[in-house]
Novice: 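One structure, as structure tokens, below. Some questions next.
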Amino acid sequence: MKLVIDANIPAADDCFAHLGHIIRLPGREITGQDVRDADALIVRSITRVDEALLAGSRVRFVGSCTIGVDHVDTHWLAEQGIGFASAPGCNAEAVVDYVLSSLATLGERQEWSLFERRIGVVGAGNVGARLVARLQAMGIATQVCDPPRAEREGQAGFVDLDTLIATCDVICLHVPLVRDGAHATRHLLDEARIAALSLGSVLINAGRGDCVDGAALERRLGSAGDITAVLDVWKSEPEIDAALRDQVALATPHIAGHSLDGKLRGTFMIQEALMAAEGEPARLAFADICPPPALAALELRQALAFDQALALCIRAVYDVRRDHEALARAIEGQGMAQGFDACRTHYPLRREFATLEVRLAGEAVTLETMLRGAGFRTLRC
């Protein structure tokens, strides 16, 4: 078997080498010629997989080590009898870590407490549902908007988007890009809804760039300057809107889900799917490809304020400011598109909150419920 695999997919050799010959290529550079005699193609979200890429090839399986599938023409694959698998939920925990790190950073900068905010989560799928669960476990008020789920499950526990905008201090978008139909999400936050955001509110988009009208958001940020935006996803990546980037408080290059754990989980899930498609038994456990963290434990001995303790533990694992600053440096040195892609290609090692054990002694045990709710492992000592 010949497998063409995105060069930035980790643990590819561990997961796929036993199946045959591997060709590693940059995701944006994979061409029809590269896959013509391949049996399997393993990609991330930056490779467009459709008839133009695969027509005339012998590829019989495509795997995307990502949550989203809007870069894959799944209908065409099905028509051709080409197997397909993605990795829904693989990096969901990492995206929640990103949101919490962003909120901790903004709370410090703007001198407000996360525990006094009401968080509106738009989209309660793999990411949004985990975010809501963590926030509620931390004792933070939430509202949830997910019309497709509300239709299936009933309205209890859900609000409509305009109500959520009117009642929440923070709006977090975690929806896929759906261009048409009753639940289209392109420009879900259009000019009218961006104008309706209340004074001092925060907008975080870690879903898809086109779910927000970027031009309208840039106008609101530039003219009034009375809201704050955190953007990890952008229209026309990697050639993103420079004016909008300059206006947002935290600008990152589509890396919210880029934890090592999430990437390895995605590789592992696609390996399982390919093995099943080939009728082969499982050969690996996830623990076999997941290394120990550099920082395994942290000990607290005082009852710090919740916001202070949370920020301390978050930054022991992941500090979103690093990614914001790295993107700014890369764009300054390499230009917009090349700098954006360079940040993603050379993204530094990052682990998830769950890899850190927070040891609590003395009065610090009062932090246990909150920190465990945030996603850390806790131990009384």
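FYI, side chains are in, hydrogens and waters are out, and symmetry mates aren't considered; it's all heavy atoms of this structure. Remember, predicted model here, so these are calculated numbers, not experimental data.
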Novice: Inspect the contact between R321 and E325 and indicate whether a charged nitrogen and a carboxylate oxygen are less than 4.0 angstrom apart.
Specialist: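 Between R321 and E325 there is no salt bridge, as every charged N stays at least 4.0 Å from the carboxylate O atoms.
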
Novice: Can you measure from CH2 (W234) to NE2 (H254) and round to the nearest 0.5 angstrom?
Specialist: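 One finds 12.0 Å between CH2 of W234 and NE2 of H254.
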
Novice: Can you tell me if D162 uses its side chain to pair, donor with acceptor, with the backbone of I165 under 3.5 Å?
Specialist: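 Side chain of D162 to backbone of I165, a donor-acceptor pair under 3.5 Å: no, none is there.
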
Novice: Any carboxylate oxygen within less than 4.0 angstrom of a Lys/Arg side-chain nitrogen, looking at R265 and E352?
Specialist: yes

Novice: Hey, is NZ on K235 packed in by over 12 heavy atoms from elsewhere, all under 6.0 Å?
Specialist: no

Novice: Could you tell me whether the side chain of R377 and the main chain of T355 form a donor-acceptor pair under 3.5 Å?
Specialist: yes

Novice: Please output the side-chain donor-acceptor pairs of residues 172-189 that fall under 3.5 Å, not counting sequence neighbours, one pair per line with the distance.
Specialist:
residue : atom : partner : partner atom : Å
H183    : NE2  : E151    : OE2          : 3.1
T185    : OG1  : P176    : O            : 2.5
T185    : OG1  : V178    : N            : 2.7

Novice: What pair of heavy atoms forms the shortest contact from A374 to F353, and how long is it?
Specialist: O-CD2, 3.5 Å

Novice: May I ask you to decide if T31's main-chain N or O and D34's side chain share a donor-acceptor pair within less than 3.5 Å?
Specialist: yes

Novice: For residues Q110 and T228, is any side-chain donor paired with an opposing acceptor at under 3.5 Å?
Specialist: yes

Novice: Excluding sequence neighbours, so at least two apart, what forms salt bridge (charged side-chain N to carboxylate O under 4.0 Å, His left out) with D14?
Specialist: none

Novice: So with a 6.0 Å cut-off around CD of E278, is the heavy-atom count from everything else above 12?
Specialist: yes

Novice: In the structure I gave you, are the side-chain heavy atoms of R36 and R58 within less than 4.5 Å of one another anywhere?
Specialist: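 Counting from C-beta outward, R36 and R58 never come under 4.5 Å.
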
Novice: Answer with yes or no whether the hydrophobic clustering places L231 together with L131; edges join I, L, V, M, F, W, Y residues whose side-chain heavy atoms lie under 4.5 Å apart.
Specialist: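 The answer is no; the residues belong to distinct hydrophobic clusters.
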
